[in-house]
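Counting starts at 1 for both ligands and their atoms, in listed order.
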Amino acid sequence: MVHKKADTPRKITAGILQFRPVFKDIDANLKAIKKYLGRRKFDLAVLPELATTGYNFTDRNDAWEVAENKKGQSFGFFEELSVKTGGAIVWGMAERAGKKLYNSAVLTTPEGDHHIYRKTHLFFRESEIFDPGNTGFKVFKWRGLRLGVMICFDWIFPESARTLALKKAQIICHPSNLVMRFCQDAMVTRSIENGVFCMTSNRIGTENNGISSLTFTGRSQITDTKGNRILSFNRSDKSFRVVKLQPELSDTKKVNSYNNIITDRRVGYYKA
Ligand code: ACM
């Protein structure tokens, strides 16, 4: 990406990682992430939800053992990786903040900034493990790009992506650990109804913690502002793949010469 001041770059190289994290083994997961991304060049990469730890914790204490704050090894690791690759990286983690424990996604930039989003809508047993996120939906500005972040199950609430679009996100970064089969299709609609790019990075594999077994659905994808899948994985791919995209296409919300998906909304009729 060649960037002048804060102008939106015409094209960027955007990538998603699909892999199988090893449960509660941060060292192994960071090593794998370095293997996939370390020699690549990109502007923006999105990794799965809880990419550093795996997902299927038995309880809060189980997750607390591998949760990190900014002093933990993962922040430094991603800062280095971001500098090496030249790109911003959105990665999922279990975050300790005082006594709170969040399912978070961090946007790390080569400048050494870490912007944190904490998952708003917790899924299934996550509510016994994590505290509900308190950041709200945020759009981070970086080198002329406007990057929104939501995590996995946030997808089922159309308000999540809509809020990010109303806050002018061009690209929605969507780290995921999906177990139901609907999200990939729903994200096509999220792209169309909001006129944004969506980058859903999902994991693969099964995690059995002795209490429950979860199988993750893969099929990571990037959808463009018209809902076309411009990159898609199958259920078992393990790789980091990139595509070129034009972020400015998100800045027009016109459907045709009459309709605009943002300004045509009739908010007064949307109240229950
Ligand atoms: C999910 O939110 N990990 C399904």
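A side-chain donor-acceptor contact under 3.5 Å links T217 and N202. Counted by atom type alone, Q221 and S232 present zero donor-acceptor pairs between their side chains at under 3.5 Å.
For atom 1 (C) of ligand 1, the closest non-hydrogen atom on the protein side is C152 SG, 2.9 Å. Scanning the protein heavy atoms around atom 2 (O) of ligand 1, the nearest turns out to be K119 NZ, 2.7 Å. Closest to atom 3 (N) of ligand 1 among all protein heavy atoms lies E49 OE1, 2.9 Å.
Cation-pi check for R219 over F233 is not met; the charged atom does not lie both under 6.0 angstrom from the ring centroid and within 45 degrees of its normal.
For a threshold of 3.5 Å applied to N or O pairs, the pair formed by F153 and ligand 1 contains at least one separation below that value.
Taking the six-membered ring for Trp and thresholds of 30 and 60 degrees, F157 and H121 have nearly parallel ring planes, at less than 30 degrees apart.
Counting the atoms of ligand 1 from 1 in the order shown, those under 4.0 Å from a heavy atom of Y55 are 3 (N).
Listed by first and then second residue, the ring pair (Phe, Tyr, Trp, His ring centres under 6.0 Å) pairs that reach into residues 248-272 come to none, sequence neighbours excluded.
For the ligand labelled ligand 1, residue E126 lies inside the 4.0 Å heavy-atom shell.
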